[in-house]
Amino acid sequence: MAWSIRAKFECAILDCPEWSGQNTKPQCYRKYSLDACCSVREVCPPYDSSVKCVYNGIEYKEGENFLPADSCWRCICQEGFKGKIEEPFCRRRVCGIQTKYQEKLQSRCAPLYYRKPYRENDPFCCPNKWIC
């Protein structure tokens, strides 16, 4: 009798305040880090930093998160940001393919990328479906 054992990861469910719809206090904002999935803290006036970043005509405070249009990058406003989408200010968005879709990968399924009609300008960052 042959046994077939497949390794498997169980992903933790993150309870980020921003994902559960918890709003910030008036005039406050969430501060992020590229190394964290959730915001790292809430910043309220008086702000302890004068760092500001401008990208595509929009001003961001230190630690604010932004997703540049037509890219697969996630950026955080940090001192030294000069308006360029590059490290250490930005990182490619993580799809979590190796952990979220491990069963499909082990079954040798192929990721399928296609444009959604209502999001024609989005780049192909993460797979939409799988072909098995």
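Index from 1, following the sequence.
Inter-residue side-chain proximity for Pro45 and Cys28 is flagged as met; some heavy-atom pair is nearer than 4.5 Å. Contact check for Tyr32 versus Ser39: side-chain heavy atoms found under the 4.5 Å cut-off. Side-chain contact between Arg30 and Thr24 is present, with at least one heavy-atom pair separated by less than 4.5 Å. Side-chain contact between Glu42 and Lys25 is present, with heavy atoms from C-beta onward closer than 4.5 Å.
With hydrogens and angles ignored, the 3.5 Å screen pairs no side-chain donor or acceptor of Gln106 with any backbone N or O of Glu103. The backbone N or O of Cys109 lies less than 3.5 Å from no partner atom in the side chain of Ser107, so there is not a single donor-acceptor pair.
Residues satisfying the side-chain hydrogen bond (donor to acceptor under 3.5 Å, both in side chains) test with Arg41, not counting sequence neighbours, are Asp48. Leu34 pairs by the side-chain contact (heavy atoms from CB on, under 4.5 Å) definition with Arg74, Ile76, Gln78, Arg91, not counting sequence neighbours. Listed by chain and residue number, Phe66 satisfy the ring-ring contact (aromatic ring centres under 6.0 Å, His included) test with Tyr55 (two or more places apart in sequence, or in another chain).
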Decide side chain to side chain contact (heavy atoms under 4.5 Å, CB included) for Cys90 and Trp73; before the verdict, give the C-alpha distance in whole Å, the side-chain angles of both, and the deciding distance to 0.1 Å. CA-CA 6 Å; Cys90 305; Trp73 293 81; 3.7 Å; yes
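Heavy-atom neighbours of Glu86 CD from other residues, nucleotides or ligands within 6.0 Å: above the threshold of 12. Within a 6.0 Å sphere centred on NZ of Lys52, other residues, nucleotides and ligands contribute more than 12 heavy atoms.
Residue Trp130 holds its CH2 atom at 10.0 Å from CG of Leu112, rounded to the nearest 0.5 Å.
Placement of Ile85 and Ile58 within a single hydrophobic cluster is found when ILVMFWY residues are connected by side-chain heavy-atom separations under 4.5 Å, directly or transitively.
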